[in-house]
There are 2 protein chains.
Amino acid sequence: MNQSRDIVSKLSERGYRLTPQRMMILSAIKNSNDHTSAEEIYTQVAAKYPHINISTVYRTLELLKKLGLVTETNLGEGRVRYHPADKGHHHHLVCQECGTIIDLDESVLSSLKSALLQEYKFSADLRHLAIFGRCVKCSK
Amino acid sequence: MNQSRDIVSKLSERGYRLTPQRMMILSAIKNSNDHTSAEEIYTQVAAKYPHINISTVYRTLELLKKLGLVTETNLGEGRVRYHPADKGHHHHLVCQECGTIIDLDESVLSSLKSALLQEYKFSADLRHLAIFGRCVKCSK
DNA sequence: AAACTAGTTGCAAAGAGTTGCACAAACCAT
DNA sequence: ATGGTTTGTGCAACTCTTTGCAACTAGTTT
């Protein structure tokens with residue numbers, strides 16, 4: 001894949017620079033499992049380049065989010081998780097009682113998305129949502 | 001209204017104590033506009049009782065949330081906002097470009113709620129959602 | 001190749017929210 | 001009223017994330 005090529009060109013097209021830090025962070029995201037956290041990325045990069053600063057990781061994630069290359073989601077653990085956008089969109093049902101997480105296909109929210117577009121002319125970003133509530137076992 | 005009466009009884013019914021701090025926080029929530037923040041509540045209570053601690057405010061809000069008396073929502077300002085549940089449920093469309101917020105009636109998400117219930121047996125808590133995206137002017 | 005300039009980084013400090021713990025006090029029973 | 005138990009509070013420390021600022025550097029221009 002030349003996924004990294006794509007990212008590189010997306011960056012330079014828009015006037016963003018390709019710094020060593022960014023390249024290391026990008027490869028850390030690719031190497032990691034889905035739903036990485038900023039801390040995990042930082043640890044991985046710091047193993048090879050201890051001088052890196054966590055705020056650079058946060059700023060890079062912010063940038064990638066803006067470019068639509070990663071999606072972020074808050075599963076209620078007190079930290080945000082990131083997911084490469086090109087690995088497919090999906091959602092999560094999070095049980096606030098027992099913590100169970102049910103994965104949801106993107107399509108479940110597509111009718112909501114089109115309803116918001118038609119009725120409110122609002123283009124909703126529904127790429128990686130966490131919906132809280134109670135699962136079967138706990139809703140009683 | 002005897003809304004506070006209701007809250008008081010809801011608390012004692014379940015074995016929670018009615019402390020001065022909690023009563024002050026409750027009245028601060030009532031006096032404030034909708035969508036208050038923890039900080040605003042804290043400031044309001046501290047005006048009369050400077051000894052109060054912000055963590056008490058957070059813990060009280062957490063409790064009220066659990067009892068279903070307030071709903072919380074993150075409008076993307078870097079702080080969470082709280083809304084008395086009995087003042088009606090609604091949602092927000094937040095434009096990430098210009099910051100415009102469109103208010104949404106609760107009903108818009110009711111079909112999603114029932115779909116999740118039927119297909120996943122998941123009882124989603126969709127009482128005060130913020131959906132991010134782009135408004136008409138900015139989606140181009 | 002040297003200079004330039006705007007985007008980037010590291011650092012330190014701040015902000016929002018959470019947590020552990022010892023002390024305080026609300027509520028119940030006597 | 002008094003005492004006991006259990007919940008609640010204040011405090012301080014901590015986690016996660018953001019931000020201001022000065023120094024730095026990637027990519028462009030000369």
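Every chain is numbered from 1, with letters handed out A, B, ... down the list of sequences. Bear in mind that the values here come from a model prediction, so they are computed numbers and not experimental data.
- Dashed line: the shortest gap from a side-chain N or O of A:Ser55 to OP1 or OP2 of D:dT18 is not under 4.0 Å.
- Proximity of B:Thr56 to the phosphate of D:dT9: no side-chain N or O atom is located under 4.0 Å from OP1 or OP2.
- Rounded to whole Å, the distance from CD1 on B:Ile54 to C1' on C:dT19 is 15 Å.
- In terms of phosphate contacts, B:Thr19 brings a side-chain nitrogen or oxygen within less than 4.0 Å of OP1 or OP2 of D:dT9.
- For the residue pair B:Asp103/B:His92, the side-chain donor-acceptor check at 3.5 Å is satisfied.
- Across the protein-nucleic acid pair, A:Glu13 atom CD and C:dG7 atom P stand 17 Å apart, rounded to whole Å.
- Looking at heavy-atom distances under 4.0 Å, B:Tyr49 makes contact with sugar-phosphate atoms alone, never a base.
- Between the C1' atom of D:dT28 and the OH atom of A:Tyr16 lies a distance of 18 Å, rounded to the nearest Å.
- Between A:Cys135 and A:Cys95, the closest heavy-atom pair is N-SG, 3.4 Å.
- Minimum atom distance to the side chain of B:Leu18 is reached by C:dC27, of the listed C:dC27, D:dG10, D:dG8.
- Whole-Å rounding puts the B:Leu61 CG to C:dG17 C1' distance at 11 Å.
- Taking the six-membered ring for Trp and the full ring otherwise, the centers of B:His128 and B:His90 sit less than 6.0 Å from each other.
- Ion pairing of A:Glu106 with A:Lys113 is absent here, as no side-chain N (NZ or NE/NH1/NH2) approaches a carboxylate O to less than 4.0 Å.
- The residue A:Arg79 sits close only to the backbone: its heavy atoms come under 4.0 Å of sugar-phosphate atoms, none of a base.
- A:Glu62 has no carboxylate O lying under 4.0 Å from a charged side-chain N of A:Arg59, or vice versa, which leaves the two without a salt bridge.
- Rounded to whole angstrom, the span from the CZ atom of B:Arg22 across to the P atom of D:dT7 amounts to 11 Å.
- Where B:Pro20 and B:Glu62 each meet DNA chain C at their nearest nucleotide, the meeting point lying more 5' is that of B:Glu62.
- Distances shown here put every side-chain N or O of B:Arg17 at or beyond 4.0 Å from the OP1 or OP2 atom of C:dA25.
- Using a 4.0 Å cut-off, no side-chain N or O of B:Gln21 falls inside it from OP1 or OP2 of C:dA25.
- When the C1' atom of C:dG17 is taken as reference, atom OH of B:Tyr42 falls 14 Å away, rounded to whole Å.
- Rounded to whole Å, atom C1' of D:dT9 lies 8 Å from atom NE2 of B:His51.
- Atoms CZ (B:Arg59) and C1' (C:dT18) sit 9 Å apart, rounded to a whole Å.
- Remark: A:Tyr58 is not in phosphate contact with D:dT18, judged by side-chain N or O atoms under 4.0 Å from OP1 or OP2.
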